[in-house]
*Asks:* 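One structure follows; several queries about it will come next.
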Amino acid sequence: MLQLQVINSPFNQEQTELLNSLLPTLTESQKIWLSGYLSASTTTVATAKLPNLTTEITEQKAAKPITKDITILFGSQTGNAQNLAKNHGNRLKENGFNVTVQSMSDFKPNNLKKIQNLLIIVSTHGEGDPPDTAIAFHEFLHGKRAPKLEGFQYSVLALGDSSYEFFCETGKQFDKRLEELGGTRLYPRVDCDLDYDEPANEWFEGVISGLNLQSESTVTNTVNTTPTSVQDSGYSRTNPYYAEVLDVINLNGRGSNKETFHVELSLEDSGISYEPGDSLGIFPNNDPELVDLLIKELGFSPTESVTINKQGEVLAFREALLTYYEITVLTKPLLQKFSAITANKSLAELLGKGNEEKLKDYMNGRDLLDLIREFGPLDTNAQTFVSLLRKLPTRLYSIASSYKANPDEAHLTIGAVRYHANGRDRNGVCSVQIAERIQPGDKLPIYIQNNENFKLPKNPETPIIMVGPGTGVAPFRSFMQEREEIGAQGKSWLFFGDQHFVTDFLYQTEWQNWLKDGVLTKLNIAFSRDKAEKVYVQHRMLEHSKKLFEWLEDGAVLYICGDEKHMAHDVHQTLLAIIQKEGQMSIEKAEEYVAAMIQDKRYQRDVY
């Protein structure tokens, strides 16, 4: 802790002692408030000493009056950015600001010129793309119709995943473009990795400090920076609920190449509820065998104590690797950190200019154990080693049940991830924990992730089309349970696919019963390995293109859930082809048709 000294400060001995006793007791919010207060006081004194300010300057200040109106726009795919926007909006209201929180998809771009203070909270989707709800606003801002933004202040909070090449790319693009249009940063952009709670809070405190330097309001002490779940249970990402596992059932038949588990969790007495379309986050543990191999390779003591966070929490080294740190994914930032603590020059060469593709190939399918074995030994200790790692991220799964149909329970559909790469068998962190190390009666730390961007239509008579191969069918099971429970009369159509009809038709009996009872109107299935020619859900869509377009013309909402890189991309292209063919449109008109569907929330995707 730095200490003020009489010799290097303008304070006398008594003042110095008072300040040294006070400063260590202040919270970050109190320090920010004090800084703003002193700055404002200094400005007042300085102005009083300058009575001959020119009329021009006075008129300029009058032309740009200080406003307490703030707009927060969010672009969200899974709900993280939206929940942060709502939470920060509430905190700003508590501090006396007039706040508008709005999805980018609902914002009228022409209103941008009317805004003086704008906060953007946006995630990056896929390989550097904006989330679906941000596409239209992103295109407007980067187009010719974007206005000049004089007297405009903004700040960007970007959410992303550093294991992707284009980390926080959408946030970076918004930040750069707003500056190009004449905006002034209220606070510098902050880029958040998967564990976004602390940096998001620091960004907020920086923003509110900047706002209060320009106004007469004061900052109230605020806590709880993490958005709560859809319910007011008190449980959240930073305060998970330990849910008892009621059942774990393998849905695949004997002889299947896959392991897909139906998991039932108890929420009894938790106060937690959820809606169809929401996700459930699990805090997983790493594989003990992998942790032990890593410790053996490093040569550190498994019982050595290490500090794991800013709060000073301490764990044994093995426990920290098991429960707190990510060890199965390599990222470029991680490799750059490790190159500084190894004498092996090969890693620095791999990170060198011109080796981008080679680096990407190396990181694909390898983990921390590979890195240590290939580029060790490391010149470091256990504490420094863990300080280089990022926190083990939660795993989000679409909830496969309706709360109305299953009170105090949440069901999940989890496919076990196993593959062989670079001479070793690899396992998915959470999925194989569920498959191998979780039994009924065990407890899992969980929270609910509300997702307003993947919801049933408010009108139960609205027709819906669901495309969900493999585990992507999970949220549609919740949709059907919900619509059955409320007696919805709207038509429903499911496209489901997997490898084999006999072994991989997930929830087959339930779908057939819903079809028989009329809860499900149409069902089309595609099993890619049952015939010589592979057939996927998009092929079934093309076979029924006329009827599908009729449903769209009747106002149907189209939902896609599952793999983004291949399935969701192929289904999207198929949708454009169907609209182009059946609507007799050009590709440009078909794209406008789909854009309008997105704007009207009639095209919703939960892809990963």
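Predicted, not measured: the structure shown is a model, and the values here were computed from it.
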*Asks:* According to ring pair (Phe, Tyr, Trp, His ring centres under 6.0 Å), who are the partners of Phe501, at least two apart in sequence or on a separate chain?
*Replies:*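 Phe501 satisfies ring pair (Phe, Tyr, Trp, His ring centres under 6.0 Å) with Phe505, Phe527 only.
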*Asks:* Please check if the distance between the ring centroids of Phe454 and Phe479 is under 6.0 Å.
*Replies:* yes
*Asks:* Indicate the ring-plane relationship of Phe338 and Phe385, choosing parallel, tilted or perpendicular according to the 30° and 60° boundaries.
*Replies:*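 Perpendicular: the ring planes of Phe338 and Phe385 meet at over 60°.
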*Asks:* Which pairs would a plain distance check flag for residues 566-574, meaning a side-chain donor or acceptor within less than 3.5 Å of a matching protein atom at least two apart in sequence or in another chain?
*Replies:*
| residue | atom | partner | partner atom | Å |
| --- | --- | --- | --- | --- |
| His572 | ND1 | Tyr603 | OH | 2.8 |
| Thr574 | OG1 | Asp570 | O | 2.8 |

*Asks:* Answer yes when Lys360 and Glu165 have at least one side-chain N-carboxylate O distance shorter than 4.0 Å, and no when they do not.
*Replies:*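 Salt bridge flag = yes for Glu165 with Lys360.
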*Asks:* Are Glu259 and Arg418 close enough for a salt bridge, meaning some N to O gap below 4.0 Å?
*Replies:* yes
*Asks:* Looking at Lys404, I want to see if its NZ is surrounded by more than 12 non-hydrogen atoms of other residues, nucleotides or ligands under 6.0 Å.
*Replies:* no
*Asks:* Salt-bridged, Arg426 to Asp370, with N to O below 4.0 Å?
*Replies:*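 Yes, this pair counts.
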*Asks:* Under a 3.5 Å cutoff, is there a donor and acceptor pairing between the side chains of Tyr507 and Thr413?
*Replies:* yes
*Asks:* May I ask you to say whether Arg237 pairs ionically with Asp197, meaning some side-chain N is under 4.0 Å from a carboxylate O?
*Replies:* yes
*Asks:* Would Arg477 and Glu482 pass as an ion pair if we require N to O under 4.0 Å?
*Replies:*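 Answer for the salt bridge query: no.
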*Asks:* Using the ring centroid of each side chain, check whether Phe495 and Tyr559 are separated by less than 6.0 Å.
*Replies:* no
*Asks:* For the residue pair Arg390 / Ser162, report whether a side-chain donor-acceptor contact shorter than 3.5 Å exists.
*Replies:*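 The answer is yes; a qualifying pair exists.
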*Asks:* Check this for me: Lys332, atom NZ, are more than 12 non-hydrogen atoms of other residues, nucleotides or ligands nearer than 6.0 Å?
*Replies:* no
*Asks:* Looking at Arg529 and Asp498, does any basic side-chain N land under 4.0 Å from a carboxylate oxygen?
*Replies:* no
*Asks:* One thing to verify: whether Asp367 and Arg373 come together as a salt bridge, which I'm taking to mean a side-chain N less than 4.0 angstrom from a carboxylate O.
*Replies:* no
*Asks:* I'd like to know if the side chain of Tyr447 pairs up with that of Thr238 as donor and acceptor (distance under 3.5 Å, no hydrogens or angles considered).
*Replies:*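 Judged by distance alone, the side chains do not pair up.
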*Asks:* Applying the side-chain contact (heavy atoms from CB on, under 4.5 Å) test to Asn83, which of Gln449, Glu452, His88 qualifies?
*Replies:* Gln449
*Asks:* Ignoring hydrogens and angles, state whether a donor on the side chain of Ser346 or Asn344 is under 3.5 Å from an acceptor on the partner side chain.
*Replies:* yes
